[in-house]
Every structure is written in structure tokens, then in C-alpha cells.
Amino acid sequence: MASLDEGWADPARLYREGRRARLLLDAAREAAAEAVGCRADELVFTPSGTRAVHSGIAGALAGRRRVGRHLIVSAVEHSSALHAAEVHQADGGSVTEVAVERTGAVNPSVYAEALRPDTALACLQSANHEVGTVQPVAEVAEACRAAGVPLLVDAAQSLGWGPVGGDWSLLAASAHKWGGPAGVGLLVVRKGVRFAPQGPRDEREMGRAAGFENLPAIVAAAASLRAVRAEAAEEAVRLRELTERIRARVPRLVPDVEVVGDPERRLPGVVTFSCLYVDGETLLHELDRADFSVSSGSSCTSSTLTPSHVLRAMGVLSEGNIRVSLPPGTRQEDVERFLAVLPEVVAGVREKLGAPVSAGDVLAQERDEALVVDALGRRCPIPVIELAKVIGDVPVGGTVRVLSDDEAARLDIPAWCEMRGQEYVGEEPADRGAAYVVRRVS
């Protein structure tokens, strides 16, 4: 509030009001740098976390263009990093996308194998924004340091909980992720890292973020980061207990659910699960009517009708996906009410879609050894529902071919097979879409 009165002037000017604004800006930079674990002259404020990622990637690639034009990202990076990689590739650069394990984490040794003599930059998020999995940043940073490659860490999800460990070179973050105001990001470039800011330059923020600083928002971002850090350790313990309650009880309360993400190396307040035979959009609306604001990576709630790139990279079920985020201060009674409401909501959506109620409902009199299910033109979760209805109609060893032109089926049918103990044979070409072949095992 004081910055609204004292920080309205241009901090680059030498008159009295400008000097006052400069003192506030310098104090905010010092506070933010202390929280990050860097020098104050290594940190600049940007208009957003996305801009910090874009500027960090572009500047580091340009600064090391003599080394090469190879960029490494993980398959589950935030879209801001993946979009920057697409622009780099379209401009003639090369990009390696490192796959992740089913938990959503990269294997450090696999990441290290992607490093090449012409690698200009490597990128890795500190924790995933959709499933909460914490990445092995320290191990990857060590491999990058040994190869002489700078590592940019997207710390948007984790910085409010603590500094990022490891010998990283660049870091980006976003204030609204830790409860600060929207429209403020951080970009840290360690001393010694070759960096060439791209685009028009001016004298502000060391030439790395053009434009007049939003001083009240910057001061609020630094103050909020310091405030949440003061309570982070205690609040993390409390929120972990609540998310563990959700992770443990949802599969017991709701049949045919897959809880995704690493069960241990994870953020304190994020839990994600996917429900078979559920339309994600309807599920979100029903939970919203019950006063629960949740998110989803399901293609059923996406305007593109494709699953989240994170869920796709992990190879987990996407239909009926729910991401629950527990902000600091979440009450135990809110979690208990969510767990009480969820089973009824899921059952209601499944009933509307005509989904099987349990595994026994898919059993029927055995007939042909091969069946074809035509689900063309029908979106998730219908292809999986139709598969579940007929799998019992073929003898053990028989197959079901599901015809679908829904991109989500490529992910959800193999995930269904793993959850229900059936064999996914593979994908075959079809006149429209593809044919997904499933063999009945039990």
C-alpha cells in the first residue's frame, strides 16, 4: 500500500520522488533475490512468468549461438517453454524433447544422454503444474554443468515453497503462483552465463525487460513471496496430509480411478486423478455447482479435443481428469466435503453416459472371437465406455477393434487396458481415424 503513495514516480529519474521509487524497487529486488538464492544484480522483473520463460530461452540461445542451436526441453514443460521451442525450431534450430516416466519425472541419465556438443540450452521445470511431480533438477543441473550447458529452470510452481536446489544457470517464475499479483514475473541469469536479450532494448531491468516497471505490483510480489515463505514449512506439512487423504481415499470411494503423478516427490498442495467413463466437462460443471473450483487436463474439457500434453507424455488415463489444488489455508472440512460429494457426482455422470457400473457389468454371453466397435464421431469417454460394454462378449483370447477418430482414444484405451488387466495389441490404420485393438485376457 505504501508503494502506491511512494512508488508512483519513475525509478530511473533522479528527482526526489524517483529516488523514493528506486529505493522501493531495489528493496523488492533484494527480497526476491534472497528468496531465490541469487544475487540482486542477477534478477530482473518481467511482465509475467511466461515472458520470463520466453525471454530467458531466447536470450540464452542467442548468447550461445556460436556453440550451436540445439535446445533441450522435457515433454511435460509448461506450454510457455514448449511454444518457445516451437519458435526456435521454426527458425531453423533443433529441439530434443526428453520423455518422462509414468510418474511425470524425467530420468536424469536419459536427460543427460540428450546433451550434445552443439547444445546451447537445456530447460527443466522444478515441479509440474498439472500433476505436482517434482523434477530431479539438482541431478540434471549437475549433468548440464559437466557438459558446459546452461540449465534454465521454470520454478513457477515451486518457488513459493522454497528455493530451487542444484547448480542451475537461469530461472523463471511467476508471482501469481505464490499468491502475489498477476502481471509480475522473475528472470534470473547467473553471472557468467552468456546472454543476449532479444527484441528492442531500453535501459530498464538491465536491458532484459523493456518498459516502465509496475512498482506497486513488484513490491507486492516480493512482499507476498517473503510472507508465504515464512509459513511454507508448516503449511507444506499440513497440505501434504490433506492431499495424501485425497490420494488414498478417492480410489476407495470411486471405482475405476487412476491417481497420477509421483506419490512422494511432489508439491504439497496438488493432487490429480482420472476417472474412467466420465465426461470431464460435465464432471467439472457438476463439481462447480457443488462450489468446488477444480481444473482438468482431459480432452473432454479442451477446445482442441486433445488430451493435456502432460498426461499424454506420461501415458496415463486422460478422460475424467481432475486436478485439485489446495491453496494455503485450505481447511480439512473442505477436503472432507469434497470427498463426500465426489462419488455421487461421478456416479451421476456415468449413469447419464450409460457407463458400466462395475467390472462385473461388462460380462456377457461369449460369442464371436472378434468384435468391432464403431465409435467414429463420438468423443471421450464414449469409445472407452463402448469398449468396456463389449469386452465380455468375446472369449478369452478374442479381440475387440475400436474404431475412433478421437485423439484421446490413443491414450485412454491403452490406459483402460492397464487398469482392467486386458492386453492392448496396438493401433491399426482405418479409413477414418484409427482402429485400436484390445485382446481379452480375463
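Only this structure's heavy atoms are used, side chains among them; waters, hydrogens and symmetry mates stay out.
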Exercise for review: I would like to know whether Glu130 and Ser308 meet side chain to side chain donor-acceptor pair (under 3.5 Å); could you show each step before the answer?
Suggested key: CA-CA 9 Å; Glu130 289 195 26; Ser308 147; 2.7 Å; yes
**Study point:** Ser318 side chain to Asp412 side chain, donor-acceptor N/O pair below 3.5 angstrom
**Key:** yes
Check your understanding: Could you walk me through whether Arg240 and Glu264 pass the salt bridge (charged side-chain N to carboxylate O under 4.0 Å, His left out) check?
Key -> CA-CA 10 Å; Arg240 283 190 190 280; Glu264 297 179 0; over 6 Å; no
Point to revise | Side-chain (Trp178) to main-chain (Ala221) donor-acceptor, under 3.5 angstrom | key: yes
**Study point:** Donor-acceptor contact present, side-chain Arg350 to main-chain Leu276, <3.5 Å
**Key:** yes
Review point. Between OG of Ser174 and NE2 of His129, what distance do you get to the nearest 0.5 Å?
Key: 12.5 Å
Review point. Given Ser94, which of His88, Gln89, Arg116 fulfils the side chain to side chain donor-acceptor pair (under 3.5 Å) condition?
Key: Arg116
Exercise for review: Please check if any side-chain donor atom of His54 sits under 3.5 Å from a side-chain acceptor atom of Ser80, or the reverse.
Suggested key: no
Check your understanding: Which is it for Lys352 and Asp279 under the salt bridge (charged side-chain N to carboxylate O under 4.0 Å, His left out) test, yes or no, and what are the steps along the way?
Key -> CA-CA 10 Å; Lys352 290 179 182 178; Asp279 170 12; over 6 Å; no
Review point. How long is the span from the NE2 atom in His309 to the CD atom in Glu97, to the nearest 0.5 Å?
Key: 8.0 Å
Exercise for review: Answer yes or no: is there an ion pair linking Glu213 with Arg204, defined by an N-O contact shorter than 4.0 Å?
Suggested key: yes
Review point. So do Val149 and Leu121 actually touch side chain to side chain, heavy atoms under 4.5 Å?
Key: no
Review point. For Glu344, does the CD atom have more than 12 heavy-atom neighbours from other residues, nucleotides or ligands under 6.0 Å away?
Key: no
Check your understanding: Would you say the side-chain atoms of Asn107 and Ser109 include a donor-acceptor pair closer than 3.5 Å?
Key -> yes
Check your understanding: Do Val260 and Met314 have side chains that get closer than 4.5 Å, going by heavy atoms?
Key -> yes
Point to revise | Glu6 side chain vs Ser3 backbone, donor-acceptor pair below 3.5 Å | key: no
Practice item. Look at Arg312 together with Glu407 and state whether they make a salt bridge at an N to O cut-off of under 4.0 Å. Key: no
**Study point:** Under-4.0 Å salt bridge between Arg378 and Asp405
**Key:** no
Check your understanding: Hey, does Ile322 have a side-chain heavy atom less than 4.5 Å from the side chain of Leu283?
Key -> yes
**Study point:** Atom CD of Glu17: over 12 foreign heavy atoms under 6.0 Å
**Key:** yes
Point to revise | Test log, rule salt bridge (charged side-chain N to carboxylate O under 4.0 Å, His left out), inputs Glu241 and Arg238 | key: CA-CA 5 Å; Glu241 293 177 352; Arg238 198 180 69 83; over 6 Å; no
Review point. Under 3.5 Å, side chain of Arg145 to main-chain N/O of Leu151, donor-acceptor pair present?
Key: no
Review point. Counting only heavy atoms not in Glu333, do more than 12 fall under 6.0 Å of its CD?
Key: yes
Exercise for review: Applying side chain to side chain contact (heavy atoms under 4.5 Å, CB included) between Val98 and each of Val140, Val110, Leu124, report the one that passes.
Suggested key: Val110
Exercise for review: Answer yes or no: does atom CZ of Arg226 have more than 12 heavy-atom neighbours from other residues, nucleotides or ligands under 6.0 Å?
Suggested key: no
Check your understanding: Is there side-chain contact between Thr96 and His70, with at least one heavy-atom pair below 4.5 Å?
Key -> yes
Practice item. May I ask you to check whether Gln135 and Ser74 show a side-chain donor-acceptor distance below 3.5 Å? Key: no
Point to revise | Note, Phe45 side chain near Val184 side chain (heavy atom, < 4.5 Å) | key: yes
Exercise for review: Tell me, yes or no, whether the heavy-atom count around Arg229 atom CZ, taken from other residues, nucleotides or ligands under 6.0 Å, exceeds 12.
Suggested key: yes
Exercise for review: Salt-bridge test for Asp256 and Arg420: reply yes if a basic N is under 4.0 Å from a carboxylate O, no otherwise.
Suggested key: yes
Review point. What are the two closest heavy atoms between Ala196 and Arg65, and how far apart are they?
Key: CB-NH1, 4.5 Å
Review point. Hey, is CD on Glu427 packed in by over 12 heavy atoms from elsewhere, all under 6.0 Å?
Key: yes
Study note, to complete from the structure: For Ile72 and Ala114 the tightest heavy-atom approach is CD1-O, 3.4 Å
Practice item. Ignoring hydrogens and angles, tell me if any N or O in the side chain of Ser55 forms a donor-acceptor pair with the backbone of Ala52 under 3.5 Å. Key: no
Check your understanding: Are any of the side-chain heavy atoms of Val294 and Arg323 separated by less than 4.5 Å?
Key -> no
Check your understanding: Do Ser126 and Ser158 have side-chain N/O donor and acceptor atoms under 3.5 Å apart?
Key -> yes
**Study point:** Check: Phe195 main-chain N/O paired with Arg208 side-chain donor or acceptor under 3.5 Å
**Key:** no
**Study point:** Arg102/Glu258 salt bridge by N-O under 4.0 Å criterion
**Key:** yes
Review point. Do side-chain atoms of Thr119 reach the backbone of Leu115 as a donor and acceptor pair under 3.5 angstrom?
Key: no
Exercise for review: Go through Glu336 and Arg331 one step at a time and tell me if the salt bridge (charged side-chain N to carboxylate O under 4.0 Å, His left out) criterion holds.
Suggested key: CA-CA 9 Å; Glu336 289 298 330; Arg331 302 177 302 171; over 6 Å; no
Check your understanding: Would you say the side-chain atoms of Thr133 and Asp262 include a donor-acceptor pair closer than 3.5 Å?
Key -> no
Review point. Trp416 and Tyr277: side-chain donor and acceptor closer than 3.5 Å?
Key: yes
Practice item. Determine, for Glu34 against Arg29, whether the closest basic-nitrogen to carboxylate-oxygen distance falls under 4.0 angstrom. Key: no
